Amino acid sequence: MADDLEDLQQKEVELDLSNVPEDKHEDVKGEVGQFIVDSILEKLAKGDSPVSGESFKDLSKKYADRYKGGNRNPNLELEGDLLAALGFESSQDGVVIGIMDDSQRPKADGHNHLTSASKNATAPRRRFIPGSSQNFKRDIERGIQDIVDSFAATQEELDLAPGESNQDVSSSSSRGGGISISLNDLLSNESIGEMILRRIRGR
Amino acid sequence: MAVKVKKDTKDLENLIPQVRKAFLKSAEKNIGRLIVDETISVGLSPVQGEGKFKRYSESYKDAIKAGRYKGKSISPVNLKLSGDLLDSFFTKASGNKLVIGFKNKLADIHTRQGAGKSKVKRKMLPLEGESLKTSIFNEIIDLIQDEVDRILGK
């Protein structure tokens with residue numbers, strides 16, 4: 001299974017959902033999947049690897065001058081086809097993250113060096129999908145656990161942590177043609193007061 | 001300056017406007033960094049579930065490659081040509097609400113109406129029923145919490 005996934009340029013993230021109500025399992029998997037995809041894209045945009053223990057070498061000056069207007073940030077993006085193929089799907093035990101378009105797998109492997117076919121690759125290894133024995137970087141793993149925990153939390157626990165992830169957003173167009181949103185209640189006396197009290201109580 | 005807090009309502013009532021004022025003083029810069037610099041400018045939408053902005057059309061990419069838009073590259077798709085659109089970012093308080101927006105009318109075109117012949121949408125802010133990426137929203141909460149901690153001397 002692991003080798004198959006490496007061939008596909010994918011990684012399964014197993015989730016312990018034993019404390020999450022069964023009717024919420026697919027919701028957790030969906031939120032975790034989207035979070036991991038977003039996190040990979042954020043790391044890559046900064047030229048950083050999302051994989052624990054991995055980092056990216058800057059683009060060569062020659063390549064950057066030729067294709068990237070001199071920008072040596074290794075964001076794995078030239079025309080955007082590769083990263084557009086990044087996605088996730090729900091699995092029995094969690095979520096599978098990775099390249100979902102067959103045509104982009106060889107290119108992905110050229111960066112990830114996950115298969116034997118990429119052993120002799122000339123391009124430097126810039127791994128953005130973890131191998132079977134690897135994990136995502138700690139901040140991503142922590143974010144995954146936070147999402148699972150938030151679904152496992154009781155209503156009482158949620159009431160003690162106001163604000164986080166409970167967005168109340170309204171959107172509007174402005175007269176001049178722009179656009180704005182209101183984050184409602186974010187600055188209310190109740191919301192700020194609760195933050196102050198939590199700190200005073202040492203939480 | 002750190003403030004010693006007694007657990008009574010009066011103190012709390014005094015502290016709340018201090019926190020609000022301190023947060024708002026640097027909100028535009030800090031939230032602009034989160035939404036514009038670290039998200040839109042690198043080709044990502046700040047809207048939950050949107051991921052990367054859709055790629056440019058082939059005809060637009062050809063025009064960029066031909067040098068018709070000076071300094072523009074085909075990736076990342078960062079909604080930046082003159083810079084006016086991203087520079088129009090603003091924040092303001094409206095009662096209990098924090099308002100975040102872009103004054104430039106292109107923001108509405110990219111987000112709501114769709115741009116170009118294919119009317120492709122690249123959402124710069126959430127529409128009704130949508131939300132900011134959780135990571136961005138939580139960082140905004142953290143900014144307020146930082147002001148709470150600073151004022152409490154924690």
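For the numbers below, each heavy atom of this structure counts, side chains included, while hydrogens, waters and symmetry mates do not. The structure displayed is predicted, hence computed values, not measured ones. Numbered from 1 within each chain, the chains take letters A, B, ... in sequence-line order.
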Problem - Among A:S39, A:S182, A:G69, A:G143, residue most engaged with chain B (heavy-atom pairs, under 4.5 Å) - result: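 Top option by heavy-atom pairs under 4.5 Å: A:S182.
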
Among [options], who wins on heavy-atom pairs under 4.5 Å with chain A?
| options | result |
| --- | --- |
| B:A107, B:G101, B:S131, B:S135 | B:S131 |
| B:E50, B:K103, B:K92 | B:K103 |
| B:V148, B:N104, B:I100 | B:I100 |

Carboxylate-amine/guanidinium proximity below 4.0 Å for [X] and [Y]:
| X | Y | value |
| --- | --- | --- |
| B:K52 | A:E42 | no |
| B:K65 | A:E79 | yes |
| A:R199 | B:D149 | yes |

Side chain, backbone, both or neither: which part of [X] has a heavy atom under 4.5 Å from chain B?
| X | value |
| --- | --- |
| A:L44 | neither |
| A:D146 | neither |
| A:V169 | both |

* Taking everything shown except B:K105 itself, do over 12 heavy atoms lie less than 6.0 Å from its NZ? -> no

Using side-chain heavy atoms (C-beta onward) and a distance below 4.5 Å, is [X] in contact with [Y]?
| X | Y | result |
| --- | --- | --- |
| B:I141 | A:M195 | yes |
| A:K46 | B:V42 | no |
| B:I140 | A:L186 | yes |

Query raised in the report: Can B:I16 and A:I196 be said to form a side-chain contact (heavy atoms from CB on, under 4.5 Å), step by step?
Result: CA-CA 8 Å; B:I16 290 168; A:I196 294 171; 4.0 Å; yes

So NZ of B:K97 and CG of A:D168: to nearest 0.5 Å the spacing works out to 8.5 Å

